[in-house]
Amino acid sequence: MTDKVTLQQVAAHAGVSRATASLVVRGTGRVSQETRDRVFASMAELGYVYDQVAASLRTRQAKVVGIVVTNIANPFFSELILGLEAEIRKAGFLPLLAVTRDDVAQQAEAVSALQEHRVAGLGIVPATGTSPELIDELRRSRVGHVFMTRYLDGAETSYVGPDDVRGGELAGEHLFQHGCRRVAYLGGPARMVSRRDRLTGLRTAAARAGLDPDGAVLSLPGETSGTGGLELGRRLAADPDALPDGVLCHGDSVAFGLYRALYDAGLSDRLRVIGYDDVPAAALWEPPLTSISVRGRELGREAARLLLGRIENPSAPPVVRRRAPELRVRRSCGCHGSADSAVDPATEDSP
């Protein structure tokens with residue numbers, strides 16, 4: 001057939017009313033399975049395609065959820081997206097992904113385009129430097145939204161992410177209890193809120209260990225990637241006499257780059273190293289990478305469940321959920337017991 005097949009034609013072919021056929025294609029209403037099978041068979045035979053655009057114009061909402069992240073190359077975000085996608089698909093939505101490269105202008109463009117496509121909701125990892133005005137814009141448009149892994153200071157909006165202050169504390173307690181007296185925090189943009197929170201936790205751990213945080217914690221911001229870790233690692237390796245005792249990396253990918261630089265300089269056994277996120281590759285590294293686990297895939301699922309609630313009721317009060325991180329101990333921090341174990345620093349014995 002050369003003309004577009006209509007739902008009325010499908011209904012006539014299946015021997016049902018147009019209203020019944022509409023219930024079938026939308027997956028709603030009380031329709032017997034036999035009738036549904038007959039309508040689907042007619043749709044296949046006639047070549048009918050449900051017009052989602054027209055449907056979204058009628059309902060003012062598409063069965064699509066926008067996902068806005070800063071860096072798809074970061075393996076943590078891959079885990080986050082996989083968890084989020086699995087949960088929203090179960091609810092009958094499809095994901096539409098946009099990547100901002102941590103750029104506020106690209107983020108504004110992506111959010112605007114997704115709104116124009118009438119997405120049902122938005123899950124956003126905000127770019128560094130995002131203004132609270134973005135939240136005001138989303139509220140005015142009544143788009144259900146959830147911020148993920150990063151929040152905005154002073155802004156009230158639904159958020160799901162790790163407790164990064166606690167994550168920094170866990171890493172710091174472990175390193176200082178194992179004899180470190182000077183620890184570097186490697187990677188991450190200087191203005192990033194998660195970096196700031198992790199540094200706060202690291203400094204708190206230094207103070208609890210009886211050290212001066214200003215002297216015990218060194219901050220080296222940089223790109224959150226393997227390349228960024230490599231460049232920062234080369235800076236450290238350029239002066240072996242000034243090496244810190246330990247390093248907390250902003251992400252596992254930063255730790256991978258750091259190890260490349262240390263290995264090239266013959267210094268790979270000089271530092272206790274802890275990563276962040278605990279992506280699947282961390283346990284496969286050599287030495288296996290100790291990391292702060294935030295369980296990215298579970299975080300994505302929780303963000304999706306919260307987002308689905310916001311889609312149902314965009315005006316509901318904001319919900320903030322900070323997930324407790326966990327230290328996954330492997331050999332990169334100098335521990336030679338279990339190759340992969342969880343440690344509670346409050347009960348861990350110091351060497």
Q. Mind checking what makes side chain to side chain donor-acceptor pair (under 3.5 Å) contact with R89, not counting sequence neighbours?
A. E85

Q. For the atom pair CG (L94) and NZ (K63), what is the distance rounded to the nearest 0.5 Å?
A. 9.5 Å

Q) Is the shortest distance from a Lys or Arg side-chain nitrogen in E87 or K90 to a carboxylate oxygen in the other one below 4.0 Å? A) yes

Q) Rounded to the nearest 0.5 Å, what separation is found between the CE atom of M148 and the CG atom of L122? A) 9.5 Å

Q) Shared ILVMFWY cluster between V254 and L218, side chains joined below 4.5 angstrom? A) yes

Q | Side chain R301, main chain G296, donor-acceptor under 3.5 Å | A | no

Q. Is the number of heavy atoms from other residues, nucleotides or ligands within 6.0 Å of CD (Q33) greater than 12?
A. yes

Q) Would a hydrophobic clustering, with Ile, Leu, Val, Met, Phe, Trp and Tyr connected at side-chain separations under 4.5 Å, put L23 with V5? A) yes

Q. Would D103 and Q107 count as having a side-chain donor-acceptor pair, cut-off 3.5 Å?
A. no

Q. Should the pair R322 and Y151 be classed as cation-pi, given the thresholds of under 6.0 Å to the six-membered ring centre and 45° from the axis?
A. yes

(Q) I want to check something: taking the side chain as every heavy atom from C-beta on, are R295 and L299 in contact at a cut-off of under 4.5 Å? (A) no

Q: List the steps and the verdict of side-chain hydrogen bond (donor to acceptor under 3.5 Å, both in side chains) for D102 and T128.
A: CA-CA 6 Å; D102 208 24; T128 303; 2.9 Å; yes

Q. Under the 3.5 angstrom rule, does the side chain of T20 hit a backbone N or O of V16 as a donor-acceptor pair?
A. no

Q.
Could you see if L96 belongs to whatever hydrophobic cluster contains V111? Use Ile, Leu, Val, Met, Phe, Trp, Tyr and a side-chain cutoff under 4.5 Å.
A. yes

Q.
Taking the six-membered ring of F176 as reference, does the cationic atom of R181 (NZ for Lys, CZ for Arg) lie under 6.0 Å from its centre and within 45° of its axis?
A. no

Q.
Less than 3.5 Å apart, any donor N or O on the side chain of H145 or T157 sitting next to an acceptor on the other?
A. yes

Q: Write down the atom of P162, the atom of T149, and the distance for their closest heavy-atom approach.
A: CD-CA, 4.2 Å

Q | Short N-O contact, R260 and E231, less than 4.0 angstrom | A | no

Q | Partner of L84 under side chain to side chain contact (heavy atoms under 4.5 Å, CB included), chosen from I88, I81, L82 | A | I88

Q. At their closest point, which heavy atom of V273 faces which heavy atom of C249, and how far apart are they?
A. CG1-SG, 4.3 Å

Q) Do T290 and R328 have side-chain heavy atoms sitting under 4.5 Å apart? A) no

Q. Can R272 and H178 be counted as having a side-chain donor-acceptor contact under 3.5 angstrom?
A. no

Q: Determine, stepwise, if the pair L236 / L243 fulfils side-chain contact (heavy atoms from CB on, under 4.5 Å).
A: CA-CA 6 Å; L236 289 177; L243 281 177; 3.9 Å; yes

Q) Heavy-atom distance under 4.5 Å between the side chains of S141 and V143, does that happen here? A) yes

Q. Distance-only, no hydrogens or angles: does the D278 side chain make a donor-acceptor pair with backbone N or O of I292 under 3.5 Å?
A. no

Q: Could you tell me which residues satisfy salt bridge (charged side-chain N to carboxylate O under 4.0 Å, His left out) with R196, sequence neighbours excluded, listed by chain and number?
A: D153

Please tabulate, one pair per line, all N/O donor-acceptor pairs under 3.5 Å involving side-chain atoms of residues 66-79, not counting sequence neighbours.
from, atom 1, to, atom 2, distance (Å)
N71, OD1, A73, N, 3.0
N74, OD1, F76, N, 2.9
E79, OE1, R297, NE, 3.2
E79, OE1, R297, NH2, 3.3
E79, OE2, R297, NH2, 3.0

**Q.** P126 backbone acceptor or donor facing R150 side chain under 3.5 Å
**A.** yes

Q) Would you say the side chains of S194 and D164 form a donor-acceptor pair under 3.5 Å? A) no

Q | Closest non-hydrogen atom pair between S225 and E223, with its separation | A | OG-OE2, 2.5 Å

Q) Would you call L152 and T130 a side-chain contact if the rule is heavy atoms closer than 4.5 Å? A) yes

**Q.** Lys/Arg-Asp/Glu bridge criterion (N-O < 4.0 Å) met for E169, R198
**A.** no

Q | Transitive ILVMFWY side-chain link V319 to V160, under 4.5 Å | A | yes

(Q) If you compare all heavy atoms of G15 against all heavy atoms of R38, which two are closest, and at what distance to 0.1 Å? (A) O-NH2, 4.3 Å

**Q.** Between R18 and T6: side-chain donor-acceptor atoms closer than 3.5 Å
**A.** no

Q | Within one Ile-Leu-Val-Met-Phe-Trp-Tyr cluster: M192 and V165, side-chain cutoff 4.5 Å | A | no

**Q.** R195-S219 side chain donor-acceptor pair, cut-off 3.5 Å
**A.** yes

Q: Over all heavy atoms of both residues, which pair between A21 and A11 is shortest? Give the atoms and the distance, please.
A: CB-CB, 4.0 Å

Q: Heavy atoms only: give me the nearest G188-T224 pair and the separation to one decimal.
A: CA-OG1, 3.3 Å

Q) Which is it for Y159 and V146 under the side-chain contact (heavy atoms from CB on, under 4.5 Å) test, yes or no, and what are the steps along the way? A) CA-CA 5 Å; Y159 165 78; V146 170; 5.9 Å; no

